[in-house]
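Everything quoted here is computed from the prediction, not taken from an experiment. Just so it is clear: chains get the letters A, B, ... in the order the sequence lines come, proteins before strands, and each one is counted from 1.
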Amino acid sequence: MINYKKELNPAQLKAVESTEGPYLVIAGAGSGKTRTLVYRVAYLVEKGVKPDHILLLTFTRKASQEMLRRAAKLLDDRCERVAGGTFHSFANMVLRKYAKLIGFPSNFTITDESDAEDAVNIVREKLGLGHMDRSKHFPRKGALLDVISKSVNKSQDIGSVLALEYPQFSEWEEEIKRIKEGYIKYKHAKSLMDYDDLLVFLKKLLHEHKEVRARLSGQYKYIMVDEYQDTNKLQADIVRLLASEHDNVMVVGDDSQSIYSFRGANFKNIIDFPKVFKGATVIMLEENYRSTQPILDLTNEVIKNADEKFEKTLFTNKGAGKAPIFVEARDENVQSKYVVQKVLELVDDGVMLKDIAVLFRAGWHSNDLEIELANHGIPFLKYGGQRFVEAAHIKDILSYLRIAHNPADQVNWHRALMLMRGIGEKTAGRITEQMIDKKQGLDIDEGILKKHPDLADLVDILRGVKPQEHLPGALIKGFLEYYGPLLKAKYDDYHKRAPDLNSLERIAGRYKSLESFLTDMALEPPEKSILEAGLKGKHDHAMTLSTIHSAKGLEWHTVFLIYVAEGHLPSYQAMEDKDAIEEERRLFYVAATRAKDNLILLKPAIDRSARWMKNYSGGYAGSIFTEVSRFLQEGSILERFMEVEKAGGGFDDVEFEDVI
DNA sequence: TATAGCCGATTTTTT
DNA sequence: ATCGGCTATA
């Protein structure tokens, strides 16, 4: 028996024991939000609710697995059978089953972002909007997809998205609308779904098929949603529909930690929740169990200056601690060296590497630090930034697997064809036209096959493939053999890329169906550095480098935050826009509240990255990148709450091994 | 029609 | 520094 009363504070206990009806839990940073969800799962199961009647929607699959694992440890294994995952993975699961009802085959392909961009480009070309005069500033494929995606996720029309966020493209409203329509039709014809479609069609399914809605709502009698501040309109609608039979919904979030508006998330979902679910009870978790008082004093002050928020002030019983430190380093490399030096000292004092993290706004901010850490032999894992599956050679292999799974996937056929020797844009177009538009499939004209042996080889492999009967591990092996020569022909640095292919093969080997493998590669792709570390077995003994976004929900004994400078945090791209700056503030808040005992903020005095950045940062000359972030300047926060240091050069070159 | 080589624009964050 | 896209050449 779990003693809930003893192990939870009154507010947490209330959240755990309130199982019927709608609840909104406002959970400040470090207030035991995860703990509350974990205990609530255990509580429900202990009370006799069947695990598969519970649905736990989280931001990453990792988060849900971790929570269910902890619940299982608390109670028993039944908790691991609770349905959990991201909105997208849940949507995928449901849609595979009910695809027919919304006019898709169940083997639809989930396109990643760059495939989606390629599809947009194809549509653009088809509409005759391909070759525009450069001076006319027609949006490129990435911007086009952004606009389309925003309009979908915010349930707004193209016109309002343009007016609000992309005024520079307003003159192209009609063209963009046509591209959006074309893109929707294109995906449908090719059985493709992008990330947004998973949500769009899940909503459509629940909305238009009341028998499905009733069945799913009856199945998931207790629904919990984590990180609710980072859901968008579509997701809120989905929750509403899923709960239609019972209203047993608990959403948990913190408006001050909303950092995904670029993806259409809107923390007003939290504020609107009591309106959408009438009679919802609000529970506030305000006691912080994570950070020391000096750290909280700083973070409370930063968020106090925010424009809009639920009023709340976190307090802690954890007691005194060291004041947060601000370090003005001479340049980027001194910034890195300072971190290294401090890490070595901490390790010397008995702090474990896995309890230390360095956080930053953008993936590339850690470039210099990574080199410095490697030089000292300090192991680290990097989260966020450029992804493994985005690398061109990985995408090449995945394109073969995607074709095998969905032969109508024109985007990936095109990619595969363009890799073949002697085939370019025109030929590739002709071949996909034959195969897909004329529905000849693999029955390609003999003449073409004769002329292009690379194509003949691939067709041979594909003919032998029956996806249901092949394990991804075995499938990929054949493709790798075929791909070998093409890799060498295309990339000068093929020897650097080859090991990645083996990693991919190893990952594929863990899956028992092609579909689940491809789904995961699209929805939960592995991090590059994690893979590499996995090979060396270094997981347990490594520090963390992470973008602030990827650090959400986590905590460390010591947190370094680098590049706390104007232009970096806040990012220069946010400077024109008041709302964007507010989001940067919340990012700063999320970063700083990850720290339990030590918080160290740094910034270089001279910033060489500014030299090339200033070229396209509009009116912001390079100089702004050397100013202390505004979030520390407001109300003299820096002076009032921090200890200030300066760091020049002259660090001892102590090796990591000397310390342990 | 394919491809190499050049030029210029671009870089936040992620399901 | 890197990528996408365009041009000149084979």
Side-chain angles (χ1 to χ4, degrees), chain A residues 57-63 85-92 110-114 116-118 121 125 130-132 134 137 140-143 146 149 152-153 193-199 227 230-232 234-235 258-265 359-365 367 383-387 389-392 417-430 451-452 489-490 492-493 519-525 527 546-552 563 567-575 577 580 583-584 586-588 590-591 608-609 611-618:
Chain A
L57 292 170
T58 55
F59 208 68
T60 63
R61 194 182 48 179
K62 216 172 86 205
T86 62
F87 275 89
H88 291 85
S89 65
F90 176 72
N92 172 66
I110 302 171
T111 56
D112 59 33
E113 197 151 310
S114 65
E117 286 178 353
D118 290 346
N121 247 9
E125 204 76 41
H131 295 283
M132 305 284 266
R134 189 107 44 96
H137 296 294
R140 297 155 164 275
K141 59 182 180 181
D146 271 357
S149 176
V152 171
N153 280 297
M193 284 204 200
D194 63 22
Y195 295 129
D196 302 337
D197 289 332
L198 290 170
L199 304 179
E227 309 282 9
D230 285 321
T231 57
N232 61 35
L234 269 173
Q235 290 165 314
S258 160
I259 54 176
Y260 277 90
S261 74
F262 68 91
R263 216 166 77 185
L359 307 182
F360 33 84
R361 176 69 177 87
W364 58 269
H365 284 164
N367 289 166
Y383 296 84
Q386 169 86 45
R387 279 232 217 38
V389 288
E390 291 284 314
L417 288 164
M418 291 296 285
L419 282 167
M420 296 171 186
R421 289 160 289 194
I423 294 182
E425 197 61 52
K426 292 280 175 190
T427 318
R430 267 203 300 273
K451 208 159 144 199
H452 302 290
K490 185 173 175 198
D492 291 338
D493 57 349
T519 298
D520 269 12
M521 289 307 104
L523 295 184
E524 305 270 351
E527 305 266 357
S546 175
T547 59
I548 299 172
H549 284 90
S550 297
K552 187 158 105 143
Y563 281 105
H568 288 122
L569 181 58
S571 158
Y572 65 93
Q573 278 124 320
M575 298 217 172
D577 179 350
E583 179 138 320
E584 299 290 310
R586 295 190 294 269
L587 268 164
F588 181 95
V590 168
R608 280 158 62 238
S609 69
R611 195 172 28 137
W612 58 268
M613 289 215 341
K614 72 177 173 189
N615 295 332
Y616 40 94
S617 57

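- Whole-Å rounding puts the A:Glu390 CD to B:dT11 C1' distance at 14 Å.
- Both geometric conditions, a ring-centre gap below 5.5 Å and a plane tilt below 30°, are not fulfilled together for A:Tyr260 over the base of B:dT14.
- When every heavy atom of A:Ser258 is checked against every heavy atom of A:Glu583, the shortest pair comes out as O-OE1, 3.8 Å.
- Side chains of A:Thr86 and A:Phe59 form no contact here, defined as non-hydrogen atoms less than 4.5 Å apart.
- Nearest nucleotide to the side chain of A:Asn121, out of C:dG5, B:dT15, B:dT13: C:dG5.
- Among the nucleotides B:dT15, C:dG5, B:dT13, the one closest to the side chain of A:His549 is B:dT13.
- Side chain of A:Arg430, nearest nucleotide from B:dT15, B:dT14, B:dT1: B:dT1.
- Within the nucleic acid shown, A:Ile423 comes within 4.0 Å of sugar-phosphate atoms alone, with no base atom in reach, counting heavy atoms only.
- Toward the 5' end of DNA chain B, the nearer of the two residues A:Glu524 and A:Gly424, judged by each one's closest nucleotide, is A:Gly424.
- Remark: C1' of B:dT15 and NZ of A:Lys62 are 14 Å apart, rounded to the nearest angstrom.
- The distance from atom NE2 of A:His452 to atom P of B:dT3 is 10 Å, rounded to the nearest whole Å.
- Put simply, CG on A:Asp146 is 13 Å from C1' on B:dT11, counting in whole angstrom units.
- Ring geometry for A:Tyr195 against A:His88 counts as perpendicular: the plane angle is over 60°, on a 0 to 90° scale with 30° as the lower cut.
- In terms of position along DNA chain B, the nucleotide closest to A:Met418 lies nearer the 5' end than the nucleotide closest to the other residue of the pair A:Met418 and A:Ala362.
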>> Run the side chain to side chain contact (heavy atoms under 4.5 Å, CB included) test on A:Asn232 and A:Arg263 for me, step by step, so that the C-alpha distance in whole Å, both residues' side-chain angles and the decisive distance to 0.1 Å come before the verdict.
In response: CA-CA 8 Å; A:Asn232 61 35; A:Arg263 216 166 77 185; over 6 Å; no
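- Across all strands shown, A:Gly422 has heavy atoms under 4.0 Å from sugar-phosphate atoms exclusively, and none from any base.
- Side-chain proximity of A:Thr547 to the nucleotides B:dT1, B:dT13, B:dT15 is greatest for B:dT13.
- Residues A:Asp112 and A:Val389 fail the side-chain proximity criterion, which asks for heavy atoms closer than 4.5 Å.
- Counting to the nearest Å, the C1' atom of B:dT13 and the OH atom of A:Tyr383 are 18 Å from each other.
- Rounded to whole Å, atom C1' of B:dT15 lies 10 Å from atom CG of A:Asn232.
- Checking B:dT14, B:dT15, C:dG5 against every side-chain atom of A:Phe262, the shortest atom distance belongs to B:dT14.
- Rounded to the nearest 0.5 Å, atoms CD1 (A:Ile110) and CG (A:Asp520) are 9.0 Å apart.
- For A:Arg140, the listed nucleotide lying nearest its side chain is B:dA9; candidates were B:dA9, B:dT15, B:dT13.
- Heavy atoms of A:Glu425 sit under 4.0 angstrom from primed sugar atoms or phosphate atoms, though from no base atom.
- Nucleic acid contact class of A:Ser550 (heavy atoms, under 4.0 Å, all strands): sugar-phosphate only.
- Distances shorter than 4.0 Å separate none of the side-chain N or O atoms of A:Arg421 from OP1 or OP2 on B:dT3.
- B:dT13 atom P lies 12 Å from atom NE2 of A:His568, rounded to whole Å.
- Regarding A:Glu125, its CD atom lies at a distance of 16 Å from the P atom of C:dG4, rounded to whole Å.
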